[in-house]
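Structure record follows, encoded as structure tokens.
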Protein chains: 2
Amino acid sequence: MKAGMPLEYALEMQELLEELALFSAPGPGVTRLLYTPQWREAQLLVLATMSELGLEVRSDPVGNVYGRLEGADPAAKVIVTGSHIDTVVSGGKYDGAYGIAAAVMALGYLRRTFGQPLRTLEAVSFCEEEGSRFPLTFWGSGQVTGLYDGSEAEGVADAEGVTLAAALSGCGLGGEEEAAGNGAVRIAGTGKTALRSDIGAFVELHIEQGVILEKTATQIGIVQAIAGQRRFTVTLDGTANHAGTTPMHMRQDALAGAAEMLMVLERAALEAGEPLVATAGRLEVKPNTPNVIPGEVLFTLDIRHSEEDALERFCNRVISAYEEIAERRGLKLTMTRALCAVPALMDSGLYERLERICREQGRTHRRMVSGAGHDAQLFAPRCRTAMIFVPSRAGISHSPEEYTSPGELAAGLEVLTALLYDLAYKETGI
Amino acid sequence: MKAGMPLEYALEMQELLEELALFSAPGPGVTRLLYTPQWREAQLLVLATMSELGLEVRSDPVGNVYGRLEGADPAAKVIVTGSHIDTVVSGGKYDGAYGIAAAVMALGYLRRTFGQPLRTLEAVSFCEEEGSRFPLTFWGSGQVTGLYDGSEAEGVADAEGVTLAAALSGCGLGGEEEAAGNGAVRIAGTGKTALRSDIGAFVELHIEQGVILEKTATQIGIVQAIAGQRRFTVTLDGTANHAGTTPMHMRQDALAGAAEMLMVLERAALEAGEPLVATAGRLEVKPNTPNVIPGEVLFTLDIRHSEEDALERFCNRVISAYEEIAERRGLKLTMTRALCAVPALMDSGLYERLERICREQGRTHRRMVSGAGHDAQLFAPRCRTAMIFVPSRAGISHSPEEYTSPGELAAGLEVLTALLYDLAYKETGI
């Protein structure tokens, strides 16, 4: 494929993003939570757009929706591209939705321009990734890749007590029933399970959600790895006492202990160097009164690195230091591991191919590690997986302020399209 | 006066403390907030007890109540002893109430045993000291010493929006009206103002609210100074950003900055040595989410020392260090001084006399600095002032767990009584 995809696809993609943003619960930004009416409207619009572009549409039992462009070789594995339709509360227009809109436009363009591919292409709009309504993440891609088997749906509930199972059965998409999108498209469920074993490659286009591309004036980020992540909840029990009458050397001040631990975290993270990041994002003090020495502190750790060994080593170093600090200060330390995700390595053949495409299209590009989690990380251990980033203004994401310019979005679309062409139409293929 | 005050006074004091503790709003411990029905019942019981012991009782326009034992010399200034009747929410039985109950019993004993003194003695139950219902402290002793002139009552309100003025006029004590305590005692208001210029000495007996006496197995603490205090509210504005996608060196993490500041505070306080104490008791993080770098932190500083120069020097050192840290980290620092109280020096003649009394009574004793604020600090600049401490179990105060044993309470009563005898009955007097 040559550079120079007609501008109309980029404009149509931009229109689709603006339309999807209208499907939002009230409040600032975009709030589109799993299985809500706004979510359903958004998925139906995606289906209708896929259908208009000549793709064969369907939903799966959890409400992931697909648009398929059948390939000539029935034995070849499927090339899937897309992202998630749900958002955080008061999120932006681009996180997730961009990867879907671009996938749909890329397949539409490829079909009209090059006809049937050798290998089947599919655009996907995953039902859920953020974990904003129910306390689990990657519900869509997790069903497709086998992380979940659907039995989880009975056991988790949203803040109003509605179970995931009840929300799914009430949403009007998914399952075996048929749903009409836009009053015209008929969608058939694929069967009893969302699990797939026919996927040969997965490609996800996404906004960076960080400042690296912007600060380095780079158009395209080529992801080498999605960082592994550990989350811990740390609690420190000391002794609440009168701030005026307790001498400094007779204190077990839980907040002073926490402060020392946060300094250790930051210093160790700076020493470890990129791509390690370590954050204490939440901290609570009890009793939290100006004239009482803090008796109890809870804080969270979020630690990420693209290499499992380095991540594990760093966590162990922090834990040892924390044990020493707690012991020395007479504080009771409890550390609970709340999350453990191993790093996901992207396919080196694919990211080298992306570098070649960027050079051919004359685009500035750089390899990078994704510190944020993405649907792609679930595919990485199962098939050849690639991930493409475009810049985020000021690195802002999960916010109504999230913004990527139309030109930057169009550049990402062209790079994605070129890669899909390579994978589906060329003899060398995947 | 010889040692050996009859045990009945200590027992009666204990009974009075237990009875006062019953005048409490529902919930754990004792909650007796200014001008509430429970507060009124407690003041009426104090008045009734004073009256039974032969003291002449009255209330002043803000509800401080006095029991007077008139002296023979009309020109001599009055010797006042007592503390405050209000408590914090879910406080204990002893903070404040002990100083009142002991004052009443001491005067009752002195009157019955030695008759009319040379100089007038008064027991006082101040209406308020804690600042628990309205956002001001020392409302009782502050009226007596001229810190307040009563005009403040219109401008402050409790959490329900009731002004201090409305609460006062509705409480059934104070003002010029008469109130009947226990159905028997008649109390006349003293006039239009609570301000007094006739006080020659003020003595306050109080629980330590700290661990020093307990840890050193000492019966009596003789206060040399009540620490001066500064309170600051510190806010740090950084940049909230994605915890996974923002490299360590591109962060303005407000919580990491706060942690460094808390470490500086603790280290500087340990270096400064006793009696300096410095506490960050309250800390709030925004947005306070595990995977978002903290964009804003607010914390409080409470710094105390018995010497004004040392206190000021320490605060300036901390402020300079904080400015340097904020500058280096790219954080916006705002420090607001929320409280500034100068140290209050107790009268050296009186604390030496207290030491002699302890020696005579065979009691272990030590000089100390009070890190907590007390009514006595308002009298210290105006008349000879003394303060006596007894141990607090585990240093716990402002809690239902507050406890001092009957024997420890009795020891304090005997020391107080001996000092009052010296001041009021001896020719050398005050």
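Every heavy atom of this structure was used, including side-chain atoms; hydrogens, water molecules and symmetry mates were not. Just so you know, these numbers come straight off a predicted model, no measurement behind them.
Only the backbone of B/L276 comes within contact range of chain A, judged by heavy atoms closer than 4.5 Å. B/T289 touches chain A through its backbone: at least one of N, CA, C or O sits under 4.5 Å from a heavy atom, while the side chain does not. At a 4.5 Å heavy-atom cutoff, the contact between A/A280 and chain B is made by backbone and side-chain atoms alike. Proximity to chain A (any heavy atom under 4.5 Å) is shown, for B/N291, by both the backbone and the side chain. Neither the backbone nor the side chain of B/K286 comes within less than 4.5 Å of any heavy atom in chain A. Looking at B/A227, neither its backbone nor its side chain comes within 4.5 Å of chain A, counting heavy atoms on both sides. Residue contact with chain A, scored on non-hydrogen atoms closer than 4.5 Å, involves the backbone of B/A394 exclusively.
Most heavy-atom pairs under 4.5 Å with chain B, from the set A/G273, A/P287, A/G281, A/G371: that is A/G281. Most heavy-atom pairs under 4.5 Å with chain B, from the set A/M368, A/H249, A/E208: that is A/H249. When each of A/I212, A/L301, A/L255 is scored by its heavy-atom pairs under 4.5 Å with chain B, the top score falls to A/L255. Options B/G373, B/A259, B/G210 differ in how many heavy-atom pairs under 4.5 Å they form with chain A, and the most are formed by B/A259. Annotation: maximal heavy-atom pairing with chain A below 4.5 Å, among B/I293, B/T300, B/L270, occurs at B/T300. Per-residue counts of heavy-atom pairs under 4.5 Å with chain A were compared for B/G295, B/A272, B/G244; the largest is that of B/G244.
Smallest separation of non-hydrogen atoms from A/D302 and B/P290: CB-O, 3.7 Å. B/P294 and A/T279 make their closest contact through CD-CG2, 4.4 Å (heavy atoms, listed as atom of the first residue, atom of the second, distance). Residues A/P247 and B/E274 approach most closely at CB-OE2, 3.7 Å, considering heavy atoms. Of all heavy-atom pairs spanning A/M248 and B/A269, the tightest one is CE-CB, 3.6 Å. In this structure, B/H242 and A/Q209 approach most closely via the heavy-atom pair CB-O, 3.8 Å. For the residue pair B/E266 and A/A256, the shortest heavy atom distance occurs at OE2-CB, 3.4 Å.
Side-chain contact check for B/V292 versus A/R282: every heavy-atom pair is 4.5 Å or farther apart. Considering only heavy atoms from C-beta on, A/T246 stays 4.5 Å or farther from B/V277 through its side chain.
Ion pairing between a basic and an acidic side chain is recognised when a charged N comes within 4.0 Å of a carboxylate O; B/R267 and A/E260 show no such pairing.
A donor and an acceptor atom, one from each side chain of B/E284 and A/N288, are located under 3.5 Å apart.
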